[in-house]
2 protein chains.
Amino acid sequence: MESSSASRYTTVADVARLAQVSKAQAARALGGYGAVSDEVRSRVLAAAETLQYHPNELARSMNTGRSKTIGVVVGDIENPYFSLAMRGIYDTSKAGGFDVILINTGEDLATEIDAVNVLLDKRVDGMIVAPVTRSSSTHLNRVVDSGRPVVLLDRKLPSLPVDSVVAEMRQVSYEATRHLLDEGHTRVGYISSLDVGGVEFTVDLDLGTNPVTERLAGMRRAFDEADVPLPADLIRLGAGKQYSIGDLVQALVTGPDPATAIVASDSVIALEALAELQRAEVRIPDDVSFLMFDELPWAGLMTPPITVVAQPVYDQGVAAAAILLRRIGGDRSEPEHLALPSRLIRRGSVAPVGSAVVGASA
Amino acid sequence: MESSSASRYTTVADVARLAQVSKAQAARALGGYGAVSDEVRSRVLAAAETLQYHPNELARSMNTGRSKTIGVVVGDIENPYFSLAMRGIYDTSKAGGFDVILINTGEDLATEIDAVNVLLDKRVDGMIVAPVTRSSSTHLNRVVDSGRPVVLLDRKLPSLPVDSVVAEMRQVSYEATRHLLDEGHTRVGYISSLDVGGVEFTVDLDLGTNPVTERLAGMRRAFDEADVPLPADLIRLGAGKQYSIGDLVQALVTGPDPATAIVASDSVIALEALAELQRAEVRIPDDVSFLMFDELPWAGLMTPPITVVAQPVYDQGVAAAAILLRRIGGDRSEPEHLALPSRLIRRGSVAPVGSAVVGASA
DNA sequence: GCCTAGAATGAGACCGGACTCACACGGGTT
DNA sequence: AACCCGTGTGAGTCCGGTCTCATTCTAGGC
């Protein structure tokens with residue numbers, strides 16, 4: 001009794017029957033391969049039309065071994081960074097005739113491992129992964145072993161011989177920090193969601209290979225060149241994981257030797273930090289200067305407009321997909337490591353230190 | 001010569017061979033069905049372990065007829081509305097053991113039709129579609145005919161007997177408009193990206209069934225009740241398609257009888273409108289009041305904070321996925337039409353009309 | 001007029017699982 | 001001793017395509 005007839009799909013066999021030819025001939029006419037007479041072809045095509053035939057991609061994938069699908073594994077699709085990168089990936093894949101399966105990891109390693117396995121089991125032709133920070137790469141090795149191409153996004157894993165696409169960060173972070181130093185900021189706070197398991201930041205903590213490490217390296221170089229000690233006590237990791245962003249911001253702007261400038265590692269952090277600053281009635285840039293990584297449409301519309309480091313996010317997606325498609329196409333050359341240029345956009349949220357303190361508090 | 005051995009996957013047959021049992025027994029042990037002795041089971045499992053066996057989901061899907069995958073068709077994943085809804089869909093699907101294939105239509109009907117067909121050919125177990133406005137529903141009928149469930153998101157199609165999840169719009173739009181009228185705004189501009197092929201808006205233009213129609217209905221009711229004529233000349237459709245948003249805003253705030261309040265139909269439009277207003281040095285709310293549909297984190301951080309209509313976007317995604325999963329589970333009850341409550345959040349961007357004109361321009 | 005290359009065609013293997021069927025085996029009934 | 005049932009097992013079919021292989025048909029070459 002269970003259910004009413006689940007309306008079976010029409011198959012090549014059905015088409016063949018109606019067209020009065022063998023299954024093989026029908027398949028040939030439909031697939032456009034082998035030799036088929038015009039007579040048969042038109043009969044088969046007509047039959048397919050009347051029967052509304054659509055090939056079962058699953059069956060097709062199974063014995064061609066290729067699914068014309070790529071998998072994308074990201075940390076959080078809700079994050080504008082990923083959704084924009086996704087758009088780049090999507091547009092490029094589609095232009096190449098590939099569909100996209102999206103998997104969201106919630107920045108969790110176990111989920112990421114699972115995601116990669118699922119994609120492999122679904123026989124995607126390749127995948128783009130934005131690996132969770134501090135993830136090991138054993139699960140990605142399985143992909144490499146399977147012979148399917150992987151491209152890493154926003155992160156490279158030194159141990160893994162695969163292509164990667166990141167935004168150049170060290171140089172632009174150096175520039176951004178110099179900008180802050182030029183304005184007199186030596187107490188620069190940095191807030192990142194990088195998960196290091198709650199360990200406190202110290203100058204020689206190994207954070208692995210990721211954008212945050214690069215940014216901190218650029219920052220350090222600027223401080224070193226200016227001969228100013230890097231304010232390690234103001235560099236806070238685990239934001240939004242171990243620690244609330246609001247608390248972190250509070251801690252930075254209060255205390256005996258507070259930060260005079262705050263750098264937000266991404267737009268999600270920036271939003272929460274700005275909200276907290278507003279709640280605490282800390283004015284930007286009068287009381288504290290503010291800089292964020294990632295350029296979003298709203299950044300320039302705030303009062304004051306926010307100074308940002310703009311990364312070519314969409315282009316990263318495009319580049320990653322382009323490389324992946326090339327690999328799927330059979331390119332076996334050495335892994336490529338692309339670093340797309342980022343740039344500092346100076347707006348109004350960074351001002352000389354103490355610029356308005358006297359006038360404003362009086 | 002083509003390529004080096006594409007490292008074949010291990011199959012049940014391989015596992016069976018190593019475990020010295022028949023393929024059938026191995027499959028049973030692996031799949032956890034039928035009767036298998038403890039002896040055989042452990043041998044098979046051990047073999048699977050050493051061979052790193054992973055089942056081919058394609059093959060599995062093919063003869064179970066179910067792929068444990070749902071398809072999602074959205075207009076633009078880069079739009080925060082969709083990425084947040086996607087997150088809701090994603091979380092819910094995943095909890096139910098389903099993977100998600102994402103297809104982006106770029107708000108194009110042809111692409112949408114294609115997308116739906118692709119998903120069908122990939123044999124997804126069901127799909128969630130946010131249909132392009134003014135789309136016909138013939139392509140969705142094919143889905144219905146196939147017996148696979150579809151849930152519409154953000155839109156219902158009267159001709160299509162399927163579930164839908166939307167945000168309640170008429171009532172909240174009524175409230176928002178009353179709020180504007182209460183503040184003395186009778187010249188209210190409305191900017192929407194709804195594509196009507198460049199036709200100008202008139203009060204009796206049929207826009208089909210979609211959120212914009214609902215909003216305009218709520219708006220009209222408020223105007224009717226206040227006995228004020230609906231300013232049809234200020235209602236502009238096709239924003240970002242036929243017309244540039246900047247030009248539209250310019251047109252609204254200039255002219256002999258300009259708008260005193262502007263309503264942006266979504267956050268993307270709002271962002272561009274705000275940028276244009278800033279360029280034109282039109283102050284909010286002194287020169288013009290502003291209201292947008294969709295609540296985003298930055299809205300409350302602007303100066304002044306933006307008054308918005310908040311829709312439960314994430315929850316819409318969750319609800320759509322929940323209904324879909326229920327249908328996949330075999331629920332054959334009448335189509336459900338869910339309208340999740342939205343609410344007006346009054347902030348600082350709406351002020352009494354003419355409130356600061358004299359003081360500010362003097 | 002005969003031979004052959006190549007087009008046209010059908011039968012059937014195959015991809016990798018899920019699942020049906022037939023059968024062997026052992027213990028409990030009567 | 002004959003019978004039954006349930007567990008365990010292997011052989012083999014099926015899903016819906018792709019593709020190989022053998023066969024037939026036809027046209028061109030000598």
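Labels below follow one simple rule: chain letters A, B, ... track the order of the sequence lines, proteins then strands, and each chain is numbered from 1.
Asp195(B) has no carboxylate O lying under 4.0 Å from a charged side-chain N of Lys241(B), or vice versa, which leaves the two without a salt bridge. Note on Arg326(B) versus Glu336(B): salt bridge recorded, some NZ/NE/NH1/NH2 to OD/OE distance being below 4.0 Å.
Spacing between atom NZ of Lys23(B) and atom P of dG17(C) amounts to 9 Å, rounded to whole angstrom units. The distance from atom CZ of Arg66(A) to atom C1' of dT18(D) is 14 Å, rounded to the nearest whole Å. Remark: P of dG16(D) and CG of Asp14(A) are 8 Å apart, rounded to the nearest angstrom. One can place CG of Asn63(A) at 13 Å from P of dC14(C), the figure rounded to the nearest angstrom. Here dT18(D) presents its P atom at 13 Å from CG of Leu58(B), a figure rounded to the nearest Å. Rounded to an integer number of Å, the gap from CE of Met62(B) to P of dA18(C) is 12 Å. Protein atom CZ of Arg17(A) is 12 Å distant from nucleotide atom P of dG17(D), rounded to whole Å. As rounded to whole Å, 18 Å separates atom P of dG16(C) from atom CZ of Arg60(A).
Side chain of Tyr90(A) to main chain of Asn104(B): a donor-acceptor pair is present (N/O by atom type, distance under 3.5 Å, no hydrogens or angles). In this structure a side-chain-to-backbone donor-acceptor pair under 3.5 Å is present from Asp14(B) to Thr11(B). With Arg155(A) contributing its side chain and Leu152(A) its backbone, the two residues share no donor-acceptor pair below 3.5 Å.
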Kindly give the atom pairs (protein nitrogen or oxygen, nucleotide nitrogen or oxygen) under 3.5 Å for nucleotides 23-29 of chain D.
none

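At least one side-chain nitrogen or oxygen of Tyr53(B) sits closer than 4.0 Å to the OP1 or OP2 atom of dG17(C). For the OP1/OP2 pair of dG10(D) and a distance below 4.0 Å, the side-chain nitrogens and oxygens of Ser22(B) include at least one atom meeting the criterion.
Counting atom types as modelled, Asn56(B) pairs no side-chain N or O with a base atom of dG17(C) as donor and acceptor under 3.5 Å.
Neither side chain, Tyr81(B) nor Asp76(B), offers a donor N or O lying under 3.5 Å from an acceptor on the other. A side-chain N or O of Thr69(A) and one of Lys122(B) form a donor-acceptor pair less than 3.5 Å apart.
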For the pair Arg142(B) and Asp121(B), evaluate salt bridge (charged side-chain N to carboxylate O under 4.0 Å, His left out) and give the outcome as yes or no after the intermediate values.
CA-CA 11 Å; Arg142(B) 197 193 138 207; Asp121(B) 296 348; 3.4 Å; yes
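Near DNA chain C, meaning a heavy atom under 4.0 Å from it, residues 25-52 of chain B has Arg28(B), Tyr33(B) in order of number.
With a 6.0 Å cutoff to the six-membered ring centre and a 45° limit on the axis angle, Arg87(A) does not count as a cation-pi contact of Phe82(A).
Closest contact between the side chain of Ala24(A) and the listed nucleotides dG12(C), dG17(D), dG17(C) involves dG12(C).
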